[in-house]
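The model shown is predicted, which means the values in this text are computed figures rather than measured ones. In what follows, every heavy atom counts, from backbone to side chain, and hydrogens, waters and symmetry copies are set aside.
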Amino acid sequence: VPELSCMDTTGARRIIRWRIDTVPFTSDDRRAREELLRTSALRPGTGYTEGDVATMLGAHSWPEHFAPYSILQLDAEGNFWILERVRRSEGGDATRFRILDPDGRLIAFANTFPARNLGLGMRTYIGSRAVVRTFEDAGGVPKVGVFPIRKD
């Protein structure tokens with residue numbers, strides 16, 4: 001179960017947990033990722049060969065499920081915007097933002113849009129109000145540390 005581990009304004013630690021829809025990483029997903037890697041690695045000027053790509057793919061480990069979230073934003077009101085992957089009712093998968101208030105209550109879901117100052121795969125976000133760090137604990141459970149920036 002993903003969780004946010006954060007400190008409130010008094011410095012007390014709070015944990016917010018939420019249930020996710022685990023989305024399996026399928027063989028089609030793997031083929032798409034392999035093709036993306038192959039296409040980008042074999043662009044003119046990269047210097048990679050087909051053999052290099054085969055080595056990279058052979059060394060790559062593939063997940064059983066997609067990561068439960070890939071981006072977390074903190075808005076001006078202290079709400080958490082979590083980009084998560086979900087299953088579509090008609091099949092396939094998509095992404096959406098899950099919006100949680102500072103106490104962890106679900107406020108809404110929102111369609112995706114480019115997140116400010118973040119790129120996919122970044123694990124640290126330094127905002128104007130807090131520093132957000134994503135990581136996995138020893139058991140592989142995804143967690144987020146939120147550390148408010150105190151301005152005097």
Chemist: Between Phe97 and Glu84, does the side-chain contact (heavy atoms from CB on, under 4.5 Å) criterion hold? Intermediate values first, please.
Modeler: CA-CA 6 Å; Phe97 278 103; Glu84 62 183 4; over 6 Å; no
Chemist: Should Val23 and His65 be marked as a side-chain contact (heavy atoms from CB on, under 4.5 Å) after you check the CA-CA gap, both sets of side-chain angles, and the distance that decides it?
Modeler: CA-CA 6 Å; Val23 179; His65 296 88; over 6 Å; no
Chemist: If I take atom OG1 from residue Thr95 and atom CD1 from residue Ile82, how far apart are they, to the nearest 0.5 angstrom?
Modeler: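 Here the rounded value is 13.5 Å.
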Chemist: Does Leu106 have any side-chain contact (heavy atoms from CB on, under 4.5 Å) partners at least two apart in sequence or in another chain, and if so, which?
Modeler: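 side-chain contact (heavy atoms from CB on, under 4.5 Å) check on Leu106 returns Arg98, Leu100, Phe109.
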Chemist: Hey, what do you get for CG (Asp29) to CZ (Phe66), rounding to the nearest 0.5 Å?
Modeler: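 So the CG of Asp29 and the CZ of Phe66 are separated by 3.5 Å.
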Chemist: To the nearest 0.5 Å, how far apart are CD in Glu50 and CG in Leu57?
Modeler: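 CG of Leu57 is found 9.5 Å from CD of Glu50.
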Chemist: Any chance you could lay out the side-chain contact (heavy atoms from CB on, under 4.5 Å) test for Tyr48 and Arg43, step after step, and finish with the verdict?
Modeler: CA-CA 8 Å; Tyr48 289 114; Arg43 282 190 331 256; over 6 Å; no
Chemist: If the threshold is 4.0 Å, N to carboxylate O, is there a salt bridge linking Arg30 and Glu34?
Modeler: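 Result for this pair is yes, salt bridge flagged.
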Chemist: Within the side chain of Thr46, is there an N or O that forms a donor-acceptor pair under 3.5 Å with the backbone of Ala41?
Modeler: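 It does hold such a pair.
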Chemist: Can you confirm whether Glu35 is buried at CD, in the sense that more than 12 heavy atoms of other residues, nucleotides or ligands lie under 6.0 Å from that atom?
Modeler: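 Enclosed: over 12 neighbouring heavy atoms sit under 6.0 Å from CD of Glu35.
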Chemist: How about Thr55 and Asp52: does a side-chain donor come under 3.5 Å of a side-chain acceptor?
Modeler: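 Per modelled atom types, Thr55 and Asp52 side chains form no pair under 3.5 Å.
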Chemist: Nearest 0.5 Å, please: how far is CG in Asp101 from CG in Asn79?
Modeler: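 Asn79 atom CG to Asp101 atom CG measures 6.0 Å (nearest 0.5 Å).
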Chemist: If hydrophobic clusters are built from ILVMFWY residues whose side chains come within less than 4.5 Å, do Val86 and Trp81 share one?
Modeler: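 The answer is no; the residues belong to distinct hydrophobic clusters.
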